[in-house]
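Quick notes on the structure that follows.
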Amino acid sequence: MKPPRKLHIKSYGCQMNVYDAQRMVDTLAGEGFVESASVDDADLVILNTCHIREKASEKVYSELGRLRVMKEEAARQGRRMNIAVAGCVAQAEGGEIINRAPVVDVVVGPQSYHHLPELLARAEKDGRALETEFPAEDKFSFLPPPKPDVIRARGISSFVTIQEGCDKFCTFCVVPYTRGAEVSRPVSKIVDDVRRLADHGVREITLIGQNVNAYHGEGPDGRTWSLGVLLRHLAEIPGIIRLRYSTSHPRDVDEALIEAHRDVPAVMPFVHLPVQSGSDRILSAMNRKHTANDYRRAVDRFRAASQDIAFSSDFIVGFPGETEEDFQATLALVTQIGYAGAYSFKYSPRPGTPAAEMQEMVSAEVMDERLARLQELIDSQQSAFNKAAIGTTVGVLFERAARNPGQIVGRTAYLQPAHVMAPETIIGQVLPVKIESLERYSLLGELASSLPVVPAGSGAQPAINAHETRMGA
Ligand code: 5AD
Ligand code: SF4
């Protein structure tokens with residue numbers, strides 16, 4: 001038997017890239033590859049890239065510079081190290097990567113990575129291979145499911161892609177170009193995936209898509225199902241305790257989704273609902289297809305259905321033409337909504353998008369200053385939200401042993417990490433925890449099995465890393 005080949009994969013950007021990376025590992029397992037944490041002795045290195053902002057794509061070229069040195073070292077030792085660039089930079093700049101970075105053997109777009117085995121074979125034969133078409137076939141039909149031991153090793157929380165691509169064409173965004181038109185997977189395929197995951201220990205599913213609440217998949221009854229209907233159905237699958245979804249668009253919040261929050265306890269009361277700006281003038285220039293008041297109304301509908309609900313969002317500061325008055329409208333919206341956390345970014349022109357052609361650029365200094373003001377406001381809301389958890393008893397889904405011996409870490413309904421001293425047997429269960437303190441973003445508490453769990457929200461609020469990348473919507 002041939003020894004396994006080592007695959008090192010590095011993902012940038014959004015949750016869908018994390019998910020895609022796992023599916024690439026599953027695909028290449030059939031070719032004798034095993035995933036490896038170390039890059040030096042890898043036979044294949046995949047950079048699964050992000051194109052959403054300039055900084056994200058610049059990282060790829062600097063990483064390729066480092067990999068060139070390693071590849072040369074491998075060659076000196078008589079080994080071949082293949083280097084593949086996948087993800088949205090591959091899709092948007094595939095030809096340029098091939099020209100600019102001779103170190104790259106394979107370039108593969110996000111809709112074609114099920115072809116990785118053939119592309120690698122082609123690269124070994126012809127030197128290099130590139131595929132950035134949107135193939136007619138659906139990659140999901142070709143991706144092998146993960147093996148039971150792989151599912152277990154990945155833990156109790158899993159992503160499942162239910163929808164991909166976007167038809168909204170916000171003027172700043174590359175997603176409609178890199179991920180393509182909006183496509184929803186059929187319900188039966190999603191149910192198969194979730195059942196398999198649940199059978200092998202997964203307890204929490206996050207349904208992902210660039211515009212996840214635009215989901216409109218074919219149901220087993222031949223009708224089109226929306227996200228709310230799908231959530232209700234998935235909650236019935238034995239073993240599934242928690243359901244989440246990301247990322248939503250305010251315009252696609254429909255009654256079925258609101259009702260799922262009202263009626264289905266497994267649907268977590270934490271919604272990522274990007275707004276981008278609080279100014280109608282800027283929202284219109286962004287082609288967001290909603291006003292600030294439409295957004296407020298969507299938030300009110302969620303809140304009316306579920307009192308526990310908390311929100312996070314995405315903001316862009318310094319979109320072309322943004323005045324101090326527009327920015328004030330954003331601050332006012334944040335103050336009014338009261339977020340559990342949010343991600344905020346400086347506008348970055350993306351080649352090929354309509355906004356990149358817009359003239360009135362906001363200066364770098366003004367952008368920096370606005371970003372700092374916005375982040376200060378969001379941080380204060382986030383910190384108040386987290387502090388409110390202290391003294392309450394909340395349900396925590398336990399995930400794994402923590403770094404500190406004897407401690408187990410899990411997450412609250414709002415994705416706050418929560419640590420308790422407990423045996424590992426609690427992993428995979430939701431148990432009530434009396435929260436005693438907050439250390440940076442982490443809650444510390446003790447198991448309170450004799451106390452009733454207060455409904456998910458009840459004052460305890462989320463800690464999220466406000467600077468991590470989110471996808472879409
Ligand atoms: N510049 C800055 N931020 C952007 N985002 C998307 N495109 C850009 C851009 N060109 C942000 C949006 C989106 C999140 C995933 O990334 O806030 O919701
Ligand atoms: Fe689509 Fe979201 Fe990008 Fe707008 S920001 S184009 S809704 S992915």
Side-chain angles (χ1 to χ4, degrees), residues 12-14 16 49-60 87-94 96 109-110 164-182 209-211 214 247-252 272-292 294-295 313-331 333-334 342-375 467 469-473:
Y12 301 84
C14 69
M16 194 170 284
T49 61
C50 172
H51 201 240
I52 198 94
R53 287 172 294 276
E54 200 167 9
K55 264 200 192 144
S57 39
E58 271 167 13
K59 279 190 201 152
V60 181
C88 291
V89 179
Q91 185 64 43
E93 299 178 11
E96 196 183 329
E164 215 173 330
C166 182
D167 295 340
K168 295 277 189 303
F169 290 93
C170 297
T171 52
F172 54 81
C173 185
V174 287
V175 166
Y177 312 97
T178 58
R179 290 275 170 173
E182 203 197 299
Q210 276 84 29
N211 222 179
T247 288
S248 297
H249 191 283
R251 201 184 148 109
D252 295 318
H272 184 63
L273 195 63
V275 62
Q276 315 297 356
S277 167
S279 153
D280 286 346
R281 215 175 61 81
I282 296 297
L283 289 170
S284 162
M286 287 176 164
N287 189 31
R288 284 290 293 177
K289 303 180 167 71
H290 62 80
T291 62
D294 293 337
Y295 183 85
S313 190
D314 291 341
F315 294 91
I316 295 178
V317 301
F319 186 81
E322 186 189 71
T323 61
E324 175 61 24
E325 197 185 339
D326 294 318
F327 179 65
Q328 288 289 345
T330 299
L331 293 179
L333 181 81
V334 174
Y343 307 88
S344 41
F345 312 101
K346 286 189 275 187
Y347 169 69
S348 146
R350 307 312 293 131
T353 59
E357 309 294 312
M358 294 179 186
Q359 299 304 318
E360 298 166 78
M361 281 297 281
V362 173
S363 74
E365 298 77 58
V366 170
M367 269 204 225
D368 283 338
E369 183 256 345
R370 287 184 191 160
L371 186 71
R373 279 154 73 200
L374 178 58
Q375 286 186 341
H467 309 291
T469 305
R470 290 281 177 149
M471 81 192 131

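Since the model is a prediction, treat every value here as computed from it, not as a measurement.
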Please lay out, stage by stage, how F169 and Y177 fare under the test side-chain contact (heavy atoms from CB on, under 4.5 Å).
CA-CA 9 Å; F169 290 93; Y177 312 97; 3.7 Å; yes

P274 and T247 have their tightest heavy-atom pair at CG-CG2, 3.4 Å

Distance from I316 atom CD1 to C170 atom SG, nearest 0.5 Å?
8.0 Å

Taking all atoms of both residues into account, what is the closest heavy-atom pair of P250 and R288, and its distance?
CD-NH2, 3.5 Å

To the nearest 0.5 Å, what is the distance between CG on L273 and OG on S248?
6.0 Å

Would you check if the side chain of D167 reaches a backbone N or O of E182 as a donor-acceptor pair within less than 3.5 Å?
yes

Report yes if some heavy atom in the side chain of Q276 is under 4.5 Å from a heavy atom in the side chain of F172; otherwise report no.
yes

Compare all side-chain heavy atoms of C88 with those of V174 and state whether any distance is below 4.5 angstrom.
no

Give me the atom names and distance for the closest heavy-atom approach of P320 to I282.
O-CD1, 4.2 Å

Inter-residue atom distance F319.CZ - T330.OG1, 0.5 Å rounding
12.0 Å

Rounded to the nearest 0.5 Å, how far does NZ of K346 lie from CD of E54?
11.0 Å

Min side-chain heavy-atom separation D314-H272 under 4.5 Å
yes

Is the backbone N or O of E164 less than 3.5 Å from a side-chain atom of Q210, with the two atoms forming a donor-acceptor pair by type?
no

Please report the interatomic distance CG(N287) to OG1(T171), rounded to the nearest 0.5 Å.
6.5 Å

Keeping S313 on the side-chain end and V275 on the backbone end, is there a donor-acceptor pair under 3.5 Å?
yes

Just checking, R53 and F345: is the charged tip under 6.0 Å from the six-membered ring centre and within 45° of the axis?
yes

In a table with atom names and distances, give each donor-acceptor pair under 3.5 Å that connects a side chain of residues 351-367 to protein atoms at least two apart or in another chain.
{"unit_1": "T353", "atom_1": "OG1", "unit_2": "R350", "atom_2": "O", "d": "2.6"}
{"unit_1": "Q359", "atom_1": "NE2", "unit_2": "E357", "atom_2": "O", "d": "3.1"}
{"unit_1": "S363", "atom_1": "OG", "unit_2": "V366", "atom_2": "N", "d": "3.2"}

Shortest non-hydrogen pair, Q91 vs G109, comes out as OE1-CA, 3.4 Å

Any side-chain heavy-atom pair from C50 and C14 closer than 4.5 angstrom?
no

For residues C166 and V175, report the shortest heavy-atom separation together with the two atoms involved.
CB-CG1, 4.0 Å

Heavy atoms, side chains only, cut-off 4.5 Å: are D252 and K168 in contact?
yes

Charged N to carboxylate O under 4.0 angstrom, R281 versus D326?
yes

If you round to the nearest 0.5 Å, how far is OH of Y347 from CG of L371?
15.5 Å

If we ignore hydrogens and angles and just use 3.5 Å, is the side chain of T49 paired with the main-chain N or O of V89 as donor and acceptor?
yes

Using the test side chain to side chain donor-acceptor pair (under 3.5 Å), find all partners of E322 that sit at least two apart in sequence or belong to another chain.
R370

Angle between ring planes, H290 versus H249, binned at 30° and 60°: parallel, tilted or perpendicular?
perpendicular

Do the non-hydrogen side-chain atoms of V334 and L374 ever get within less than 4.5 Å of each other?
yes

Enclosure of R373 CZ (heavy-atom neighbours >12, cutoff 6.0 Å):
yes

